[in-house]
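Read the structure below first, then the notes.
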Amino acid sequence: MKLKILVTAGDGIGPEVTAEAVALLKETAASGGHDFTFTERRIGGVAIVQDGTPLPEDTLKEALDSDAVLLGAVGGNEFNSMPPDKRPEAGLLKIRAELGGFANLRPAFAFKELAVNSPLRPEVIDGADILCVRELLGGLYFGQPRAWDKAKGEAWNTMRYTDGEVARVARIAFQLAQKRRKKLTSVDKANVLEVSQLWRAAVVEIAKEFPDVTLEHQYVDAMAMHLMTRPRDFDVVLTENLFGDILSDESGVITGSLGMLPSATIGGKVNLYEPVHGSAPDIAGKGLANPLGAILTGALILRHSAGLEAEAAAIETGVRKVLEQGFRTPDLARGNTKDFTVLSTKEMGAKVRETVKTLHVNA
Ligand code: IPM
Ligand code: MG
């Protein structure tokens, strides 16, 4: 299997955590006889500083020429006063738009070993397994018009969707639900917003193609509550862009740490893979970052871009085993710390690699 991966590590903890994901992917390639090549390019704040733009032309060209893009994280406090279109985040939004992936898959599941990390009671989260499908190229993030008219003291953004944009992401969500527990919850605000009424109507239309999947609708405000009170009732959760941004962070509570969550964006020219967490500038460069979100993101590359399901599953099992054995990065070492061995970013990466090796996928 041949795979060309562009690594855009970005800012803050991005480089540290992606290094561990890349090291593991390299071992997977070596042990399975696969030909994975890795190229590195800049994105985000580091690109603003060195290239004067958050998404250099060369990075985009390489991305479009790759089979998969692995992104670390973007953003930093020094850019906080910049307008949205000049900030590190603009580089991320531009690469998302150019690569064309509109379905952002964000799994959130309870790790038994991390139950103590969640403020939710173990009996509420035990067994929860949610796949959030977030529409990534529409809604308020990209809708026109948008502006801040400072003279008038007025600013506006536009939440806009077409039937087609909803239909294509809904279809992917239903297909994924078919392979899981066959339940799809579509999230909207159809009691207030026309754009949500269109969303709901388009989802109902697509549901006719998937009679084996049970569809329910939830308003986003109620959904925010249900995710915390009865997360086990949900399987695939389909949302528009901003609602998905908010609800996927909230789902991190179920897992115990945002640092655990991976994501994959599919449906476009080149799939884009990023952990859900941000650049965490406060802990950058200290070896404190949790690389498991990035490592699990690497597993999604194997699953969705390489078709290496067994190898992807081995990484997921490896991560579980490492947690079972009591290894933790500092963000996960809550509760009775004497039961844990706290590892640095690099040590955790090495521990996962060592554990995945023992699973002998290619033996
Ligand atoms: C995410 C992030 C991004 C988003 C930011 C960094 C632009 O919060 O991936 O969830 O809002 O999509
Ligand atoms: Mg977010």
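Bear in mind that the values here come from a model prediction, so they are computed numbers and not experimental data. Both ligands and their constituent atoms are indexed starting at 1 by order of listing.
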**Asked** Would you say the side-chain atoms of Asp245 and Tyr141 include a donor-acceptor pair closer than 3.5 Å?
**Response**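 Note: Asp245 and Tyr141 side chains meet the donor-acceptor criterion.
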
**Asked** Just checking, is any N or O donor in the side chain of Thr53 or Asp51 under 3.5 Å from an acceptor N or O on the other one?
**Response**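 Checked: Thr53/Asp51 side chains show no N/O donor-acceptor pair below 3.5 Å.
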
**Item:** Parallel, tilted or perpendicular: rings of Phe36 and His34 (30°, 60°)
**Value:**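 Plane angle under 30°, so parallel.
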
**Request:** Specify whether Phe210 and Phe174 have parallel, tilted or perpendicular ring planes, treating 30° as the upper limit for parallel and 60° as the lower limit for perpendicular.
**Result:**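 It falls in the parallel class, under 30°.
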
**Protein residues having a heavy atom less than 4.0 Å from any atom of ligand 1** =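 Residues Glu89, Leu92, Arg96, Arg106, Arg134, Tyr141, Asp245 each place a heavy atom under 4.0 Å from ligand 1, listed by chain and number.
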
**Request:** Please lay out, stage by stage, how Met159 and Leu193 fare under the test side-chain contact (heavy atoms from CB on, under 4.5 Å).
**Result:** CA-CA 9 Å; Met159 192 188 280; Leu193 305 174; 4.2 Å; yes

**Request:** Please report the C-alpha distance between Glu316 and Arg303 in whole Å, then the side-chain angles of each, then the deciding distance to 0.1 Å, and finally whether the side-chain contact (heavy atoms from CB on, under 4.5 Å) criterion is met.
**Result:** CA-CA 11 Å; Glu316 290 161 352; Arg303 176 168 296 132; 2.9 Å; yes

**Asked** Any side-chain heavy atom of Leu99 within less than 4.5 Å of one from Leu64?
**Response**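 With C-beta onward as the side chain, the pair touches.
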
**Item:** Short N-O contact, Lys357 and Glu354, less than 4.0 angstrom
**Value:**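 The answer is no: the pair does not qualify as a salt bridge.
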
**Item:** Polar protein atoms near the Mg ion (ligand 2) [N, O or S; cut-off under 2.8 Å]
**Value:**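 Protein N, O or S atoms closer than 2.8 Å to the Mg ion (ligand 2): Asp245 OD1.
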
**Message:** Distance check, rounded to the nearest 0.5 Å: Gln218 atom CD versus Leu227 atom CG?
**Reply:**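 If I round to the nearest 0.5 Å, the distance is 9.0 Å.
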
